[in-house]
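It should be emphasised that the depicted structure is a prediction, and the values quoted were computed from it without experimental measurement.
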Amino acid sequence: MGKVAAFVYGLFAYVIFLGTFLYAIGFVGNVLVPKSIDSGAGVFTLPALVVDALLLGLFAIQHSVMARQGFKKWWRRIVPTPIERSTYVLMASLCLLLLYWQWRPMTEVVWEVQNSAGQTILQALSLIGWLMVLGSTMMVSHLDLFGLRQVGLYMSGKGYTPIGFKTPMLYKHVRHPIYLGFLIAFWATPKMTLGHLVFAIATAGYILLAIQFEERDLIHFFGDAYKQYRERVPMLLPLTKKGR
């Protein structure tokens, strides 16, 4: 693939990601989007649960399998290395767009906070979670994580160099602030419907599983440096025992 074409492709993938990410805020929070997690008058049915589970499963499989080193090694025989990360980002975004489109709402209320102050606090907490997600990507290398650095280096004729292992800011307190931000964003809601609860439980389960695979790769890449980091810094909650 030509250098300019690769850069345009990477930029396109990033724009799709950014729109998908912003839509996710409205989708989970039921604000400012034409269809959200609780749109409509859907109720629990087995077909609805199956569809939602399949949509969540599709994203989980894509997001996890395409991130594994064995898959990447095979995938790079088909997809040029400079756009491999952008392709991963684009595929993840398309899976989420499919989820937004085909999501079956189950609007039975599991719990609801009636107090206006409580509602405001939970909504603000959810927004903090989303900001934590975005901010955490910028603390390491936002451009690298979403493929723009790779295509930018390729267009300028420079070889790719890994960003290396670093633990700035939030990473000094938890190993996975991006995942923590997602958990806060998904669970902090003044009104938890059955559909939202299914979404939150499934994503929490996936996050805990994904961390195990991700840390295995990080140990492979960074060896003792990451092992020592894992020993002294908690996984998700700053106040928990180190290494958990």
Requested in this report: Among Met139, Arg175, His176, find the one that has a side-chain contact (heavy atoms from CB on, under 4.5 Å) with Leu170.
Outcome: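 The passing option is Met139.
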Query - Sole residue of Leu97, Leu11, Leu96 in side-chain contact (heavy atoms from CB on, under 4.5 Å) with Ile16 - result: Leu97
Measuring only between side-chain heavy atoms, which start at C-beta, is [X] closer than 4.5 Å to [Y]?
X      : Y      : answer
Lys227 : Ile219 : yes
Leu90  : Tyr9   : yes
Met235 : Val174 : no
Lys172 : Val233 : no
Ile211 : Leu236 : yes
Val28  : Trp130 : yes
Tyr171 : Pro177 : yes

Centroid-centroid under 6.0 Å between [X] and [Y] rings:
X      : Y      : result
Phe182 : Trp187 : no
Phe165 : Tyr226 : yes
Tyr88  : His63  : yes

**Report entry** Thr81 and Tyr154: CA distance, side-chain angles, deciding distance, side-chain hydrogen bond (donor to acceptor under 3.5 Å, both in side chains) verdict
**Finding:** CA-CA 10 Å; Thr81 299; Tyr154 181 60; over 6 Å; no
Side-chain ([X]) to main-chain ([Y]) donor-acceptor, under 3.5 angstrom:
X      : Y      : result
Glu108 : Phe44  : yes
Arg85  : Leu145 : yes
Lys35  : Phe27  : no
Glu84  : Pro80  : no
Asn115 : Gly118 : yes
Ser36  : Asn30  : no
His196 : Thr189 : no
Glu112 : Pro190 : no
Lys166 : Val140 : yes
Ser64  : Ile61  : no

Can you tell me if [X] has over 12 outside heavy atoms packed within less than 6.0 Å of its [atom1]?
X      : atom1 : value
Met138 : CE    : yes
Trp101 : CH2   : no
Met91  : CE    : no
Lys72  : NZ    : yes
Leu32  : CG    : no
Phe71  : CZ    : yes

Query raised in the report: Do Thr167 and Arg232 have a side chain donor and acceptor closer than 3.5 Å?
Result: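 Result is no, nothing qualifies.
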Query raised in the report: Given the rule in the side-chain hydrogen bond (donor to acceptor under 3.5 Å, both in side chains) test, do Arg104 and Gln102 qualify, once you have shown the distances and angles that lead to the verdict?
Result: CA-CA 6 Å; Arg104 302 298 194 263; Gln102 290 297 320; 3.1 Å; yes
Query raised in the report: Between Thr45 and Val50, does a side-chain contact (heavy atoms from CB on, under 4.5 Å) hold up when you go through it step by step?
Result: CA-CA 9 Å; Thr45 64; Val50 169; over 6 Å; no
Report task. Could you tell me how the ring of Phe17 sits relative to the ring of Phe146: parallel (under 30°), tilted (30 to 60°) or perpendicular (over 60°)? Result -> parallel
Query raised in the report: In chain order, what residues pass the side chain to side chain donor-acceptor pair (under 3.5 Å) check against Tyr229, with sequence neighbours excluded?
Result: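 Scan of Tyr229 (side chain to side chain donor-acceptor pair (under 3.5 Å), adjacent residues dropped) gives none.
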Query - Other ILVMFWY residues reachable from Ile121 by side-chain steps of under 4.5 Å - result: none
Query raised in the report: When Ile, Leu, Val, Met, Phe, Trp and Tyr are grouped by side-chain heavy atoms lying under 4.5 Å apart, directly or through other members, which residues fall in the same group as Val113?
Result: Leu122
What heavy-atom pair brings [X] and [Y] nearest, and what distance separates the two atoms?
X      : Y      : value
Ala210 : Tyr179 : CB-OH, 3.9 Å
Asp217 : Ala67  : OD2-O, 4.0 Å
Thr20  : Ser93  : OG1-CB, 3.7 Å

Query raised in the report: Can you list the steps and then say if Ile178 with Leu134 is a side-chain contact (heavy atoms from CB on, under 4.5 Å)?
Result: CA-CA 8 Å; Ile178 295 175; Leu134 189 59; over 6 Å; no
Query - Test log, rule side-chain contact (heavy atoms from CB on, under 4.5 Å), inputs Leu56 and Phe199 - result: CA-CA 8 Å; Leu56 289 163; Phe199 181 90; 3.8 Å; yes
Query raised in the report: Honestly curious: do Ile37 and Leu98 fall in one hydrophobic cluster under the side-chain, below-4.5 Å linking rule?
Result: yes
Report task. Check the pair Thr107 / Asp38 against side-chain hydrogen bond (donor to acceptor under 3.5 Å, both in side chains), numbers first and verdict last. Result -> CA-CA 6 Å; Thr107 56; Asp38 294 325; over 6 Å; no
